[in-house]
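Here the structure is laid out as structure tokens; the discussion comes afterwards.
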Amino acid sequence: MATLLSSTCLLGFPFLKHFSSFIPSTDKCNPLRLNKEPLLRYSCCVTTCSTSSTPVFPMSSSGGSYEKSKRVWIWTESKQVMTAAVERGWNTFIFLSNHRQLAIDWSSMAFIYPLFIEEGEVLDGENKRVATIFEVSTPQELQQLQPENGQAENVVINLMDWQIIPAENIVATFQGSRKTVLAISKNHSEAQIFLEALEHGLGGVVLKVEDVEAVIKLKEYFDRRNEATNLLSLTKATVTRVQVAGMGDRICVDLCSLMKPGEGLLVGSFARGLFLVHSECLESNYIASRPFRINAGPVHAYVLIPGGRTCYLSELKAGKEISVADQNGQLRTAIVGRVKIETRPLILVEAKRESDDQTVYSIFLQNAETVALVPPCEGKGLLKAAIPVTSLKVGDEVLLRIQGGARHTGIEIQEFIVEN
């Protein structure tokens, strides 16, 4: 089956508690289009023709690699939700069989790929079976959900009771199968549960909502996950000043994830340049390794968070998402588990880039052997040992993230700004 990404809207319909056979289509697959001059056009919307024997869903060109690996179908009767979904590259919508006129009306406004619920199955505009619907409310019904049952390549599940454990069981059962399982989700939080079940998640979700906010939040989630597939550009800078600075309130950030050598947080006194501060994952003779912790700096410092935004270290709290970067610029998102603020002696570090000796980048850190900055990789990307601030000297090289310095509530903006 072709690689798929769709978005569609879901449900409120009777379900069959068994699989029905799948009848492959040998005809051309065309989305429902009645008006040749739609009010809105989206280049990423629809694959209009295919010679494949199986239905082909529209492929979104706007999503990242994580988003392209998951399907999103939207079920809604709200035009505002439809518009928000299409604007975000999701254009597969599910309608009840008696709402075909609504599909026709929406097709006059935007390119959409309509699917219809009928007798426990999902049909396309030519009444070809696209998916089988399966309701799970007991362990016995969950056990009946097996890859070899039925021939439909898409399975839509409605988890009526428990969600997390059944979703994990389904991920395990269908691993290696060519079938795609989508779960009905009534909000973006449920969708996230299904997309993260057993780490790899289900193949997609059917977002059944009437609220635009759910669509926006789900897209933001995909954007954060897509960041993990992108490399962040990190720049080499040379240390120009190291000075003991006195006492200050510094923050330790404890994550709900473990970090490995080379990973840490991007922190700086100015948003224009963030230093890669190493985690406390390295072993020492005097203190146990704490691979979940970063001794990040004082309360005033900026730290990178998902979406390319920054916040102050003092704004972090349990449950907030934060961006973890490694020496190669690989990003991932982690959850803050705890934040500790304590008064400690500080050290000031300043650095400049070779290509710009006028701009100074600085950071304050606790003056302790366990606090370190990350240097550039050695040849062939080999990890170079982190440099403790107690050993840091003028001329040492460290890694910086260079970005726009002007910020409004953490969002980069274009304006004149001077920071010293």
Side-chain angles (χ1 to χ4, degrees), residues 3-13 30-35 38-48 55-96 99-117 122-125 130-131 154 156 158 180 182-195 201-226 307:
T3 303
L4 308 176
L5 172 67
S6 331
S7 46
T8 324
C9 132
L10 254 292
L11 270 232
F13 50 85
N30 293 293
L32 182 61
R33 291 290 305 142
L34 298 183
N35 190 326
L39 301 180
L40 303 175
R41 290 185 181 273
Y42 299 89
S43 60
C44 65
C45 288
V46 176
T47 299
T48 58
V56 177
F57 291 84
M59 174 69 71
S60 170
S61 61
S62 61
S65 59
Y66 175 79
E67 187 171 352
K68 289 180 179 178
S69 71
K70 303 295 182 181
R71 301 180 204 173
V72 179
W73 296 355
I74 308 294
W75 182 328
T76 188
E77 296 179 22
S78 167
K79 186 170 70 173
Q80 288 74 23
V81 171
M82 179 273 291
T83 302
V86 171
E87 287 174 346
R88 285 157 180 79
W90 296 331
N91 51 7
T92 302
F93 292 84
I94 289 182
F95 301 87
L96 293 176
H99 287 171
R100 289 180 179 265
Q101 184 58 48
L102 182 60
I104 293 172
D105 293 343
W106 286 3
S107 293
S108 68
M109 294 182 285
F111 260 131
I112 67 170
Y113 189 92
L115 301 175
F116 302 93
I117 301 298
V122 181
L123 309 177
D124 66 13
V130 170
N154 299 295
V156 175
N158 187 26
T180 300
L182 301 91
I184 297 169
S185 311
K186 295 183 288 295
N187 52 61
H188 75 278
S189 297
E190 284 188 4
Q192 182 173 340
I193 288 172
F194 295 134
L195 293 168
L202 297 174
V205 293
V206 175
L207 189 62
K208 181 194 175 188
V209 296
E210 303 299 327
D211 180 12
V212 171
E213 187 69 14
V215 175
I216 295 173
K217 292 291 187 182
L218 184 58
K219 179 60 177 176
E220 289 175 350
Y221 166 77
F222 275 114
D223 290 343
R224 293 194 300 272
R225 292 298 301 266
N226 287 332

Checklist entry - Among Arg225, Lys219, Lys217, Arg224, whose side-chain hydrogen bond (donor to acceptor under 3.5 Å, both in side chains) with Tyr221 holds? => result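 Running side-chain hydrogen bond (donor to acceptor under 3.5 Å, both in side chains) over Arg225, Lys219, Lys217, Arg224 with Tyr221 returns exactly one hit, Arg225.
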Kindly indicate whether the side chain of [X], heavy atoms from C-beta on, has any atom under 4.5 Å from the side chain of [Y].
{"X": "Val122", "Y": "Ile117", "result": "yes"}
{"X": "Val81", "Y": "Val212", "result": "yes"}
{"X": "Phe222", "Y": "Arg88", "result": "no"}
{"X": "Lys79", "Y": "Trp106", "result": "yes"}

Give me the atom names and distance for the closest heavy-atom approach of [X] to [Y].
{"X": "Ile184", "Y": "Phe194", "result": "O-CE1, 3.4 Å"}
{"X": "Val86", "Y": "Ala110", "result": "CG1-CB, 4.3 Å"}
{"X": "Glu77", "Y": "Leu102", "result": "CA-CD2, 4.1 Å"}
{"X": "Leu218", "Y": "Ala191", "result": "CD1-CB, 3.8 Å"}
{"X": "Gly204", "Y": "Leu195", "result": "CA-CD2, 4.2 Å"}
{"X": "Ala214", "Y": "Val209", "result": "CB-CG1, 3.7 Å"}

Atom pair [atom1]/[atom2] of [X] and [Y] - distance to nearest 0.5 Å:
{"X": "Ile112", "Y": "Asn91", "atom1": "CD1", "atom2": "CG", "value": "8.5 Å"}
{"X": "Asn187", "Y": "Ile193", "atom1": "CG", "atom2": "CD1", "value": "8.0 Å"}
{"X": "His99", "Y": "Ile94", "atom1": "NE2", "atom2": "CD1", "value": "14.0 Å"}
{"X": "Leu207", "Y": "Phe93", "atom1": "CG", "atom2": "CZ", "value": "10.0 Å"}
{"X": "Leu202", "Y": "Arg71", "atom1": "CG", "atom2": "CZ", "value": "12.0 Å"}

Would you check, one step at a time, whether the test side-chain contact (heavy atoms from CB on, under 4.5 Å) holds for Met109 with Met82? CA-CA 10 Å; Met109 294 182 285; Met82 179 273 291; 3.8 Å; yes
